[in-house]
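Working notes, beginning with the structure itself.
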Amino acid sequence: MQFVGRTGTFTYRMLATVLAAQSILLFFGALVARGTAIAAGKDGGRVFAIGCALAVLAVLAAGLMRTPFGLPLGWLVQVLTWASAVWVPMMLAVGLVFTALWVFCLLRGPRAEALVAEHRAAAEADPGHH
């Protein structure tokens, strides 16, 4: 499993999709954390800002996925998603689902790219065969 560097095109597209979807749930988690803080009589602004920053970091990591910075930022988003369960315990479920998707994409993406490359090579070797 890869933690740094660049991935193939198919893999980084899948990873970026995971992060983009995750950012939406991170924003909703920030709203829940804010509401919970306000209900407890605290100022929810700070926890809301932290949650929104995490959602923005997920979008930024998705956008940078084709660069060497995207993968480490994506891993950071996964870790911080788990850490956000301090404020909203249900973020454990979000962390579980999206980290599982993240790892699945990292493991299966290169295999899909290898199959596509194999198919292209076979097509180029036999141009009459479709």
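Counting from 1, the numbers follow the sequence of the chain as shown. All values below were derived from every heavy atom in this structure, side-chain atoms included, with hydrogens, water molecules and symmetry-related copies excluded.
No chain of hydrophobic side-chain contacts below 4.5 Å, direct or via other Ile, Leu, Val, Met, Phe, Trp or Tyr residues, connects M14 to V97. There is a path of hydrophobic side-chain contacts, each under 4.5 Å, that joins L57 to I50. By the criterion of side-chain heavy atoms lying less than 4.5 angstrom apart, applied directly or through intervening Ile, Leu, Val, Met, Phe, Trp or Tyr residues, W102 is grouped together with F3 in one hydrophobic cluster. The hydrophobic clustering, which links ILVMFWY residues whose side-chain heavy atoms are closer than 4.5 Å, places I38 and F48 apart. Both L76 and L60 sit in one connected hydrophobic cluster of ILVMFWY residues. Membership requires side-chain heavy atoms under 4.5 Å apart, directly or through other members.
Taking the side chain as every heavy atom from C-beta outward, T36 and V88 never approach each other to under 4.5 Å. In this structure, the side chains of T17 and L101 stay at 4.5 Å or more apart for every pair of heavy atoms. Put simply, the side chain of V56 does not reach to within 4.5 Å of the side chain of F27, judged on heavy atoms. With contacts defined as side-chain heavy-atom distances shorter than 4.5 Å, the pair M90/V94 does not qualify. Side chains of H119 and L115 form no contact here, defined as non-hydrogen atoms less than 4.5 Å apart. The closest side-chain heavy-atom distance from T11 to R111 is not below 4.5 Å.
Here the closest non-hydrogen pair linking A62 and A20 is CB-N, 4.3 Å. Closest approach of Q22 to Q78, counting heavy atoms only: OE1-NE2, 2.8 Å. Taking each heavy atom of V18 and C105 in turn, the nearest pair found is CG2-SG, 3.9 Å. Taking both residues in full, the closest heavy atoms of L71 and M65 are given as N-SD, 3.9 Å, listed atom of the first, atom of the second, then distance. The minimum heavy-atom distance linking S23 with A58 is given by the pair CB-CB, 3.7 Å. The two residues M91 and G29 come nearest to each other via the heavy atoms SD-CA, 4.1 Å.
For the side-chain contact (heavy atoms from CB on, under 4.5 Å) with F98, the lone residue among V103, L26, L25 that qualifies is L25.
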TODO: Start with the C-alpha distance between V116 and F10, add both sets of side-chain angles, then the distance that settles side chain to side chain contact (heavy atoms under 4.5 Å, CB included), and finish with yes or no.
DONE: CA-CA 10 Å; V116 169; F10 184 72; over 6 Å; no
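To the nearest 0.5 Å, atoms OG1 (T99) and CH2 (W75) are separated by 7.5 Å.
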